[in-house]
Amino acid sequence: MAGASPTPDPDLLLIHAMAHGDKRAVSELYTRHGSYILSYLIGQLGGDRQLAEEVLQDVMLAAWNGASGFRAESKVKTWLIAIARLKALNVRRKHTLTNTLLHDNIKSDETGQIKKVERADDQAAVRKALLQLPADQRETLELIFFHELTGPEAAEVLGVSPGTVKSRIHRAKQALRGILLQMEVDL
């Protein structure tokens with residue numbers, strides 16, 4: 001609908017409250033986004049949950065310290081993921097980490113044991129295939145499909161243009177399809 005104003009970011013009030021020293025606001029922000037950011041960090045930090053939890057604390061501290069400088073040019077969620085990405089990059093520079101994509105918290109709606117086993121095998125194959133993608137393509141896919149950012153939000157987090165995100169997604173899908181065919185995975 002032309003002329004419609006975008007939905008206001010419900011987290012913006014929390015950032016304003018944090019900027020004024022409200023500790024309850026940072027706690028609420030953590031409640032709203034902590035598990036989401038932790039999931040992202042686990043993938044970025046080689047599956048090391050303990051390290052991801054430590055980095056998550058650094059992310060929340062950086063958000064607390066940076067709240068007064070937040071200009072609302074992006075959603076708060078996007079800003080938090082961008083902080084998390086930078087913190088994870090810094091940790092990866094200091095440590096050699098193995099690549100791990102997502103932890104096994106994908107839930108299945110199916111009740112049959114055979115279906116559950118088949119689905120788990122398919123999920124494991126997809127995780128393995130994703131690890132074979134170049135890091136930039138893998139990270140872009142994660143942000144779009146697993147963390148549900150929009151193309152422009154992912155571009156902001158990654159520091160690239162939206163066109164670059166689109167081309168990475170296109171190349172990643174093609175590569176992933178080829179890898180899964182080689183693995184003979186029937187999805």
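The first residue of the sequence shown is numbered 1, and numbering continues consecutively from there. Worth saying up front: this structure is predicted, and the values here are computed from it rather than measured.
With sequence neighbours excluded, the residues satisfying salt bridge (Lys or Arg N to Asp or Glu O under 4.0 Å) with R71 are E73. Applying the salt bridge (Lys or Arg N to Asp or Glu O under 4.0 Å) test to D58 and every residue at least two apart in sequence or in another chain returns nothing. Applying the ring-ring contact (aromatic ring centres under 6.0 Å, His included) test to Y36 and every residue at least two apart in sequence or in another chain returns H147. For E54, there are no salt bridge (Lys or Arg N to Asp or Glu O under 4.0 Å) partners at least two apart in sequence or on another chain.
If you take CD1 on I37 and NZ on K87, they are separated by 12.5 Å, rounding to the nearest 0.5 Å. One finds the CD1 atom of I144 at 6.5 Å from the OG1 atom of T150 (value rounded to the nearest 0.5 Å). Note that CG of L41 and CG of D48 are 11.0 Å apart. Values are rounded to the nearest 0.5 Å. Atom CG of N90 and atom CZ of R85 lie 11.0 Å apart (nearest 0.5 Å). Of the inter-residue distances, the one linking S39 atom OG with H33 atom NE2 reads 14.0 Å to the nearest 0.5 angstrom. Residue D9 holds its CG atom at 7.0 Å from NZ of K75, rounded to the nearest 0.5 Å.
A donor atom on one side chain and an acceptor atom on the other are not found under 3.5 Å apart for T78 and E156.
Put simply, the side chain of R32 does not reach to within 4.5 Å of the side chain of V76, judged on heavy atoms. Between L141 and I169 there is a side-chain heavy-atom pair separated by less than 4.5 Å. The closest side-chain heavy-atom distance from K173 to F145 is below 4.5 Å. Residues K94 and V91 are not in side-chain contact: their nearest non-hydrogen atoms beyond the backbone lie 4.5 Å or more apart. Annotation: side chain of W79 is not in contact with side chain of D11 (no heavy-atom distance under 4.5 Å). The closest side-chain heavy-atom distance from Q44 to E139 is below 4.5 Å. At least one side-chain heavy atom of L133 sits under 4.5 Å from a side-chain heavy atom of I179. Between T140 and L143 the shortest side-chain heavy-atom distance does not fall below 4.5 Å.
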Show me, pair by pair, the donor-acceptor contacts under 3.5 angstrom made by side chains of residues 19-27, not counting sequence neighbours?
| residue | atom | partner | partner atom | Å |
| --- | --- | --- | --- | --- |
| H20 | ND1 | H16 | O | 2.8 |
| D22 | OD1 | R24 | N | 2.9 |
| D22 | OD1 | A25 | N | 3.4 |

Throw together a table of side-chain donor-acceptor distances under 3.5 angstrom for residues 62-70, partners on residues two or more places apart or in other chains.
| residue | atom | partner | partner atom | Å |
| --- | --- | --- | --- | --- |
| N65 | ND2 | L61 | O | 3.3 |

